[in-house]
Amino acid sequence: MDAVQQPPVSGINVIGLTKNDYRGKPSTLCKGCGHDSISQRIISVAYDLAIRPQQIIKMSGIGCSSKTPAYFLNQSHGFNGLHGRMPSAATGALLANHTMAAIGVSGDGDTGSIGLGQFKHMVRRNLPMVYIIENNGVYGLTKGQFSATADEGQRLKYAGVNELPAIDVCLEALVADCGFVARSFAGDPRQVEQLLKAALSHNGTAVLDIISPCVSFNDHEDSTKSYAWGKAHEEIINEFSFIPAREEITVDYEEGETVEVKMHDGARIQLRKLDGKHDPRDRYAALRLLEEAHRSQELITGLIYVDEGRRSLAEREHLSETPLAHLTERELRPSQAALDSLMAELM
Amino acid sequence: MDAVQQPPVSGINVIGLTKNDYRGKPSTLCKGCGHDSISQRIISVAYDLAIRPQQIIKMSGIGCSSKTPAYFLNQSHGFNGLHGRMPSAATGALLANHTMAAIGVSGDGDTGSIGLGQFKHMVRRNLPMVYIIENNGVYGLTKGQFSATADEGQRLKYAGVNELPAIDVCLEALVADCGFVARSFAGDPRQVEQLLKAALSHNGTAVLDIISPCVSFNDHEDSTKSYAWGKAHEEIINEFSFIPAREEITVDYEEGETVEVKMHDGARIQLRKLDGKHDPRDRYAALRLLEEAHRSQELITGLIYVDEGRRSLAEREHLSETPLAHLTERELRPSQAALDSLMAELM
Amino acid sequence: MADLQNSPASVNNFCIVAATINGSGSQTANNVLVRALFRMGIPVSGKNIFPSNIQGLPTWFHIRVSEAGYVGRRDTTEVLVALNRSTAAQDIASVAPGGVVIYPTEWKLTEDRSDVFYYALPVQQMAKDSGANAELRPYVANMVYVGALAELLGIDLDEIERAISDHFGGKKNPIALNFGVVKAAVEYTRQNLPKRDSFRVQRSDKTAGRVMINGNSAGAMGAIFGGVSVAAWYPITPSTSLVDALGDYAKDLRVNKDTDEHYYSIVQAEDELAAIGIVIGAGWMGARAMTSTSGPGISLMTEYLGFAYFTDIPCVVWDIQRMGPSTGLPTRTSQGDILMAYYLGHGDTRHVLLLPASMEECFEFGWRAFDLADRLQTPVFVMSDLDLGMNLWMSERFAYPDKPFDRGKVLSAEDLKRLGGFNRYSDADDNSGVGPRTLPGTDHPLAAYFVRGSGHNAHAEYTEKPDEWMANLERLARKHETARTLVPAPVVDEVDGAEIGIISYGSNDPAIREARDMLAKAGVETSYLRLRALPTTKEFQTFAAKYDRLYVIENNFDGQMRHILQTEAPARANAMRAVKLCDGLPLTGLWIAKTIVSLEQER
Amino acid sequence: MADLQNSPASVNNFCIVAATINGSGSQTANNVLVRALFRMGIPVSGKNIFPSNIQGLPTWFHIRVSEAGYVGRRDTTEVLVALNRSTAAQDIASVAPGGVVIYPTEWKLTEDRSDVFYYALPVQQMAKDSGANAELRPYVANMVYVGALAELLGIDLDEIERAISDHFGGKKNPIALNFGVVKAAVEYTRQNLPKRDSFRVQRSDKTAGRVMINGNSAGAMGAIFGGVSVAAWYPITPSTSLVDALGDYAKDLRVNKDTDEHYYSIVQAEDELAAIGIVIGAGWMGARAMTSTSGPGISLMTEYLGFAYFTDIPCVVWDIQRMGPSTGLPTRTSQGDILMAYYLGHGDTRHVLLLPASMEECFEFGWRAFDLADRLQTPVFVMSDLDLGMNLWMSERFAYPDKPFDRGKVLSAEDLKRLGGFNRYSDADDNSGVGPRTLPGTDHPLAAYFVRGSGHNAHAEYTEKPDEWMANLERLARKHETARTLVPAPVVDEVDGAEIGIISYGSNDPAIREARDMLAKAGVETSYLRLRALPTTKEFQTFAAKYDRLYVIENNFDGQMRHILQTEAPARANAMRAVKLCDGLPLTGLWIAKTIVSLEQER
Ligand SMILES: Cc1ncc(C[n+]2csc(CCOP(=O)(O)OP(=O)(O)O)c2C)c(N)n1
Ligand SMILES: Cc1ncc(C[n+]2csc(CCOP(=O)(O)OP(=O)(O)O)c2C)c(N)n1
Ligand code: SF4
Ligand code: SF4
Ligand SMILES: [Mg+2]
Ligand SMILES: [Mg+2]
C-alpha cells in the first residue's frame, strides 16, 4: 500500500517504550494533510509523557480526521464510531471504566454539523476526555463540501461560495461550560504539543480546536489558470480524480505574535498566539476574546479558557473505585435473600 | 371532553375577524399551565395585528408545549412534527413557500435536549420564523424529568437533584448569530405580547424564550408534609396519579425592576426586566449581560439582542417571487428541446 | 356462534371498570382495590387505559376478577364506576345487561337503562365531610367508590385498610383520612343502597404465594440480577417506568452504604441517538449495558444498533412497544415493532429478539438477555409492550437465576500471554460465529484492537477485499445460527388430534389461554406454540410442519411475525394465517376464539 | 460444466482493466477511452472499483467492450494497464491467459508469466518530456496508456482527440498537452512494441443514437423533468454526485437569467435527520421535494419517514445503495437496503419502492416518482445503487415524460367554496386510501388542518378511539393496494417450455441477460421477471404461479427481496430460491449462470 511511512526512531522513555510503540498503522490520508501532523504530535506527546498505551482509548467519529486514531497508538484500543456520534460512545466507555484516559479525534463536520448536539451535551456533562477537532472547514472524505466551521463568504471550487456564518467550536464549548478550551494550528508542532500535554492533564472535557488544512479540496487557482479545470471537467467525472502532492504547511511564531498563513488555495488566515496578558481563568474575558476575534476575522491560538473547578462526570456519578466494567457477580448480582424480600413487598 | 374552555369575545379587527376566529381547539393541558397563557397571548397578538390566519403556519415538535398550536389559530395550517426536529420541517416549509409567516412552539426539552443541533443550525441559517421556547425546565409530557435548561442543583421530587449546568437557550441562539433574542415570563401578558409583536416583524429567526411554569411536576412540599407522598407511593403507581388544580402564576413589573417569583413548588426565581440602558444592538453587551445574569442566577427578560442586518434564508437562496410550491409545469419541466440538447452532450 | 361467550358473570368472575379523569388520583383507589382482591385469594388483573396527556382526559381502569385465573382483558364490563361526566353516556351504554353503574349523586343523572342497576353516592359531599383540605378533596373522593364497591361486592374491609396502609407506607394521617372516607362510603351504601345486582366476591386460595407487579418493574429487577451496571435512556412512554424502577432497585441494592460508591450508573441522555451510543460504548468497554425505549426511540437507534451488530458489541435494548406508526398512540399497546427490530439497520442484519409473555419472563429475560448478549456479542432486544410493562399482573414469585454470569469470549492479559495474540473476528475455535474480544485496559501489548463500522477482516484490520468482506458476513450468519441454539425455546402445548396450530408470542398469552378453553368447549381442539425468541428454533419447525392450519395471533396490523415465520418455514408459509387486531387494546379471549372459528368456517 | 463460459475474447469483446492509484488522475484517461470506444460504435461500459479514501489507495477501472452488447461486469481481465506497484503482482496474476499487460518501464519488472504479453512504456519519462510542470506530471502520465492502448487495440486517434477536447471543454492548452502525450505514446509503441496479442477493436454501429451517462446524473435529470423544486441532503458516498448533478442541471435550467430568480432550492443540511425533515416540510407545503442518500442516511431518516407515511406527506427519497451493514464499504455496491426501506419505521409500515435497472429507468423513475408520491401522498423510495449510480452506462436517449404532472388530490380555495369543507383523511370518494389535502396558504377559512404523527381521525382531529384508529390504518392499507395498481409493472420475458422463472430487479439486469444467453446455449431455458417496484403487482403473482422453480437473484447476503416475495406469494414461498452474492462487486453473468446450474443439479 502506497502510504505515508514513518521513519523509525531509537531511544526509549521512562516506561521502557520506544517511540515506535506509540505509532499506528501507516496513514492513508493525502500527502501533506494537516491531520497526519497532528497524529505525529499525539505520538510524541504520549511518548514524552510515557503514557501506558493500555490506559488510553482512542475515540473518533467518521471522516478523514476520524480515521487518524488508526494511525497512532497501535497498542491502545480504538473505537471508530458513527458520524457525529462519538461523544455518546465515549461517555458510555468512560462510565464503564473511569480509570481510562480518552483521546477523541473528530472533524469540523463531525463535530460542528451532524455532531453539534452530542458535542454540546458531552461538554455539558464534562466528560473527562481530550476532544480534538481537526478543523479544515470542509468535508474532506466526501470531497470538499463546506462544513459548519467554514468562513462566511469563503469560496471553494467544488462547493462555490459559503453563504453561512461559521460556527466557532471554541465559543460553543465555552458557552456549554467547558473547563478547557484551546486552539492551535496543525503546522505549529510546539504549540500543539504544549496544549496536548495540558489537555491530557485536565480532569474534564478538554476541547482542542486544531486548524488543519485540507490539501485536496480547495481551489487550485494556479492550476486552473494554466489549466482548463472547468465545469466541463467536473461534470464528466464524479470524483476529483487528481490530487497533486502538496507540502505540509508549517508555522513558527511567538506568544503575542500574529502570523498570516497562506493556504494551499492561496487563501490566507490570521493566527494570533495568546500571551501572558490573557487570563484563561476569566470566562468572561475568554468570551470577549473570541467575540473580538470573530469580528476581526482572527484565529486566536493558545489556551483560551481553563476551569479546574467543575466536577467531571465520573465524580458526579459516584462511580465505584473499581470500574463498573470490572465488577463481578459478587457486587452485581443481589442475593437470594434480597430477591425474597423484594418478592415479599409485592405480595 | 373536560378541557379549558375559552370565553367568547365580541369585536372585530380591521380584516373583519373576531378574536374567536383566532382561537384553537380547547386546550388539554393542566389547569394553570403557563403554556396556555402563552397561547392566549398569541391569539391576542394575531387578532390585534389583524394577521390573516391563512398566511400563518404553526410548527411544533413534541411535548405539552408542542401540543399548543392545536389550541390557537384554528384557521392556520399546523404541523406537529417530531421531538426536537421541528426546525428542519419549518426550513423545508418556508423554502417551499417563503411568503408564509411561521410561528414555532417548542419546549425546553424539545429545543435544549434532543433538538439542540437542529435549533442551532436553524438559527445559523437565519430561518425567518418566530421560535418560541415554552421553558419550564422539565419534561412535562413525560412527567417531570429534568430538561437541559433546569438549573444546576435544582431539586424535583420525581427527578431528584439536577447535577448539570443549565443550557441558556438565549445564549445559545446569540452565539449562533441569531438576529433576535428575547426572554419573557408566561405570566407577564404585557411583555409577552410586546415581544411577540416585535418578533413577528423580524425578518429572520426570532428566538423567544418564555419561562412557563409547569404546575404539575414539582415538589409539593406542603402536601408532602401533611401528606405521606413518599417513595412507597410512587412505587405502586406508574404515574403521578393526582394533579391538584393550580392557579396560573402572573407577575407585573416595570422596566429595570427585578421581581422574585414563587413557583408552585415554593422555589423562587429572579426576573430582571431590561430597561433603556441596555443597547440590544450590541452583540457583545448582550453576551456580557447573559454571562453576568448566569453568575447572579438572574433571568433577564426583554429584548436582549437584535440585528436586522443578516440576510434570511429565503434571500440567500434567491427564491423566485412565486413560492416554489406554487410553480407549475411551465416553470418546472424543461422543454423537449432542453432534453435533446442534454442528450446531445452525452453522445 | 352461540357456543362462544365469556364465562357468565357471577361470583369472583366479572370486570370492574372505573371511568375517571386522569390526574384526579383514582390510581390510588384502583390499586387499593386490586391489592385487596388479590389478598382475598382471588385472581385479579388491573389494566389502565389512559390518555396521552397529564390532566383532564378520560381514563379507564379495568379490574378483572376471575376465579378461573383468566387475567387477559375481558371485553364486557359488569361493574362500572362512572366518575367522568364527559364519557358517562358511552360508559353506561357499554355495561353488560344485569350490570352495575355507580355514579355521583351530584350528577342528577336520569337512570334511563332498565337492564342495569344504578347506585348513586354523594361523592363530593363525602369528600367535603372527610375534612381534607380543598386541594386534596378530589383525591380522597376516589375512596368513596372503594367503599361502595367493598360493601356491594363484599370486599374485605381489613384487606382494604391494609392495602391503603401499604400504599401510604404506614403513615398515619393519610391512612386515617382515606380509610375514613372508605368507611363512610360503606356506611352510606349500607344505609341507602340495598344490594340488587348479583355480583360479589368471596375469599379464595388462588393467589397464595403469588405477587402482583408490572412488567417494567419485573424487567428492571431482572436487569439488576443480570448485572446491569450502565443504563442510558431518554424518557418515553411507556418505557420510562422501567428505568425509574431500575433506579429505585439500584439505589437499594447497588450502593455501598459505607463509601457511597455506586455500582451502577444511569444516565438520562439528550436523546435516543445518544442513549444507545452510551450503551454501546459501555458494552465495548465491558460493562453490562442497557437501554429502554419505545418505537420512536428504536427508530432513532437504528444506525448505532446496526453498528453494534456489525462490530460485535453486546448490549441489551428493551422495547416497550406502544402503538405506532410514528407518535401514534403513546399510551396504547401494540406489537408493532417486531419486523423493524428483527431487520433493524441498513445492509443485511437480523437481530436476536426475546419475547416475554409474563412477569416471570420479564424478570428472567431481564437477566438472561445479558448472558446472551455477552455470549453472542451482539445487541439483544427484549420486546415487551405497554400492556405487559405498565399494567398490574399476578405472577409466581420470581426464580433466582439458575446459572452464574456468562461473559462469553473475553480474553485476559494472561490468556494473551498464553496465546501470544488473538484474532478479534475469527471463530476458528468453534465456528460459533463469535470471536474472542479483549476489554480496553487489558494490560498486554497485543490486547488492543480497532473497532470500526467499516469493512474489517478477522484481525480487525480495515479491508475492502471481497473475500475478506464475505468471510465476515458468513461469520455473522454463523452467529445467527448459533443464536437459534441459545435463545429460549418456544413453549408448546400440544393436544392430540388437534388440526389447528396456534402460534403467538408476548402479552397475547393470557387471552389465548382463555380462547383455547372457549374453543375446546365449542369442540375445536387447538395446539399452541408460544415463541419466546427470534430467530426461531427447531421446535418451531417441528410444530409448523405438524399442523394443517397455523393461526399466527398478533396485536399488530400487518401480521408482522407471520411475515417472518413465512420466510423461516417457506414450506408452511401458505398454511399460516394472520389473526391480528391493532386497536390499541390488549386482545381478548373472546375475539380470538371468534376469529379463529370464522376463519375455520371460511375454509 | 464446460458449456458455461464467457464468450471467447477476441475482436470487440474483452475487458480492459486500468489498475492505478486513486488521486492520480487516471479517471480522465479512462473516460477518454470509454468515450472514444463508444463513438466507434462499440458497446462499452466503464466501472470504477475505487477505495474509500482520497489519495494513495488502489483503484481499478474496468472498461468492457462487447459487440454483443453485454454491459454487465465481466469476471475476466484480458487487457491490464498496471500502474499501481503495490497491487501489480495480484493484478498481473489476474490476467487471462493470452492477455495483455502494459506497465511502466521504470518498474524494471521481471516478466515472469509466459502466457501473457507484456508491453513496457517509459511512462514517467514521457510525462517529463511532455513539458508539463512537475505538479501535473503524474496526471498527464495517464495519457501514456491511452496512447499505447490506442495503438495496440486500434482505437481511432481522432475519436480520442475528440474525447480529450470534449473533456477539457475545448480549451486549447490542456488538449494540446494531453493529446501530445497520447501521440508520443502511440509513436513509441509503434516503434518499440510490435503487436503480439490478439485483441483489437473495430468500428461498429451498435451505439448509434445512444448516450453514455451514469445513473446519478440520469436520476437528477429525471427529477428536474419531474419538477423537483426543493432538495435537501447530506453528503454521503455514493449518493453525493446525484445532488451535484441536480445542482448543475438546475443552474442551467431553473434560473431566470433576467431576474436571477431560482426556481429551486438545494440545501445541504447538517445531517440526514434534518435533510429529511426539510424535504417533508416542503412536501407538506406543496413543493416537489426530494433527498438522496445511502444506507446510513436512511437509518437516520427512519423516524421522519415513518411520520410522513403516517401523515400522508409526499416526498421522494433516493437510496444509492452501498455495502452495509453500518459504514460497511462506502465505495462498493450492494442491494442491501431493500428490506429496511420496505418496512422502514416503527409500527406497521410498508413503503413504495421503485427499482430502476437502467439509465432510462433512472431518468423515468426520477420524474415518475413525484407523480406517484403526489397521487399516493406518501414517501416514494427510488432504490438505486453504486453500480448504477456512479458507473458509466450506455443508454437509449431518454424519452420525454409522456404525461403532465399529476399533483394528486389537492383542493383549492374554489374547491372548498364549492364543497363547503373537506375531510383530510377520508377516501370516501374513491376508496383509494388517499384523502384530499389543502396546501398551507390556501385562502379559505376551512382550508386549514393539523398534521400530527399521533392518532388522528378522518377529520385530522386528535383521537385515541380504537375504531377511529383502526379506520385510519385500514385506509393506509387500502392505499398500499392502490399502489399496486399504480407502480411500474414488472418487465416479463417468458420462454415457452421454460420450467425456470428468474426474478430479479435493479442493476443485476445486464448480468442476467448475459447469464440467460449462456444458459440457453447450455440448453437451460429460463423465463425472466424483472420487478420494477414494490409492492408487487398482479403480473408477479401470475409469473410466480407459473414456474416450477423460481430463482430470486440479488446482490445482497440474506436474499432480502426473496423474503418479501415469500410473504407476497406464500403459496410459492417454497419454490423461491435465493441466488445471492454480496462481495461488493456487481454480479457477473457467468456467476449467475453457474449458480443456477448448480442449484438445478442439486435437485
Ligand atoms: C450518517 C452519515 N452521513 C454521512 C456520511 C458521509 N461522510 C463521511 S465523512 C463525512 C464528513 C467528514 O467531514 P469532517 O468531519 O470535517 O472530516 P474531514 O474528512 O474533513 O477530516 C461525511 C458527511 C457518513 N459516513 N455517515
Ligand atoms: C423520539 C422521541 N423520544 C421521546 C419522546 C417522548 N417525549 C414526549 S414529550 C417529551 C419531552 C417534552 O419536554 P419539553 O420539550 O420540555 O415539553 P414540555 O412537555 O415540558 O412542555 C419526550 C421526551 C418522543 N415523543 N419522541
Ligand atoms: S481529503 Fe483533505 S482532509 Fe482528507 S486526507 Fe486528504 S487532505 Fe486530509
Ligand atoms: S404537565 Fe406541566 S407542562 Fe404539561 S400541561 Fe401540565 S403543567 Fe403544563
Ligand atoms: Mg473537515
Ligand atoms: Mg419543558
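Just so it is clear, the model here is predicted, and its values are computed rather than measured. Below, chain A is the first sequence line, B the second, and so on; all start at residue 1.
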Counting N and O atoms only, with roles assigned by atom type, does the side chain of [X] sit under 3.5 Å from a partner on the main chain of [Y], one being a donor and the other an acceptor?
X	Y	answer
D:Arg397	B:Met343	no
D:Tyr263	B:Thr322	no
D:Arg452	B:Ala70	no

Checking heavy atoms, do the side chain of [X], its backbone, both or neither come under 4.5 Å from chain B?
X	answer
D:Ala399	backbone
D:Ala289	neither
D:Met221	side chain
D:Val255	neither
D:Ala232	neither
D:Asp260	both
D:Ile276	neither
D:Arg288	neither

Could you tell me which portion of [X] (side chain, backbone, both or neither) has an atom closer than 4.5 angstrom to a non-hydrogen atom of chain D?
X	value
B:Pro69	both
B:Met122	neither
B:Thr99	neither
B:Leu342	side chain
B:Asp21	neither

Closest approach of [X] and [Y], non-hydrogen atoms and distance?
X	Y	answer
B:Met59	D:Trp284	SD-CZ3, 3.7 Å
D:Phe38	B:Met347	CE2-C, 3.8 Å
B:Leu332	D:Val228	CD2-O, 4.5 Å
D:Ile224	B:Pro334	CG2-CG, 3.7 Å
B:Glu329	D:Phe405	OE1-N, 2.8 Å
D:Glu270	B:Arg125	OE1-NH2, 2.7 Å

Rounded to the nearest 0.5 Å, what separates atom [atom1] in [X] from atom [atom2] in [Y]?
X	Y	atom1	atom2	value
B:Leu324	D:Glu261	CG	CD	10.0 Å
D:Arg254	B:Ser320	CZ	OG	10.0 Å
D:Phe307	B:Asn80	CZ	CG	7.0 Å
B:Thr91	D:Ile278	OG1	CD1	5.0 Å
B:Asn97	D:Met285	CG	CE	5.0 Å
D:Leu253	B:Leu339	CG	CG	10.0 Å

Less than 4.5 Å apart, side chain to side chain, heavy atoms only: is that true for [X] and [Y]?
X	Y	answer
D:Leu273	B:Arg85	yes
B:Arg333	D:Trp367	yes
D:Asp443	B:Gln54	yes

| said: Taking atom CD as the centre, does B:Gln336 end up with more than 12 heavy-atom neighbours from other residues, nucleotides or ligands that are less than 6.0 angstrom away? | reply: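 Buried by this count: over 12 neighbours within 6.0 Å.
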| field | CA sep, side-chain torsions, deciding dist, call: D:Glu461, B:Lys25, side chain to side chain contact (heavy atoms under 4.5 Å, CB included) | value | CA-CA 10 Å; D:Glu461 296 157 345; B:Lys25 293 234 176 330; 4.1 Å; yes
| message | One pair to check against ring-ring contact (aromatic ring centres under 6.0 Å, His included): B:Phe79 and D:Tyr449. What are the steps and the verdict? | response | CA-CA 9 Å; B:Phe79 186 103; D:Tyr449 68 95; 9.9 Å; no
| Under 3.5 Å, is there a donor-acceptor pair between the D:Thr438 and B:His77 side chains? |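 Per modelled atom types, D:Thr438 and B:His77 side chains form a pair under 3.5 Å.
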| message | If you count heavy-atom pairs within less than 4.5 Å of chain D, which of B:Ala90, B:Gly92, B:Ser60 leads? | response |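 Top count of heavy-atom pairs under 4.5 Å with chain D: B:Gly92.
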| Name the one of B:His98, B:His318, B:Glu317 that satisfies side-chain contact (heavy atoms from CB on, under 4.5 Å) with D:Ser265? |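 Going through the options one by one, the only one that passes is B:Glu317.
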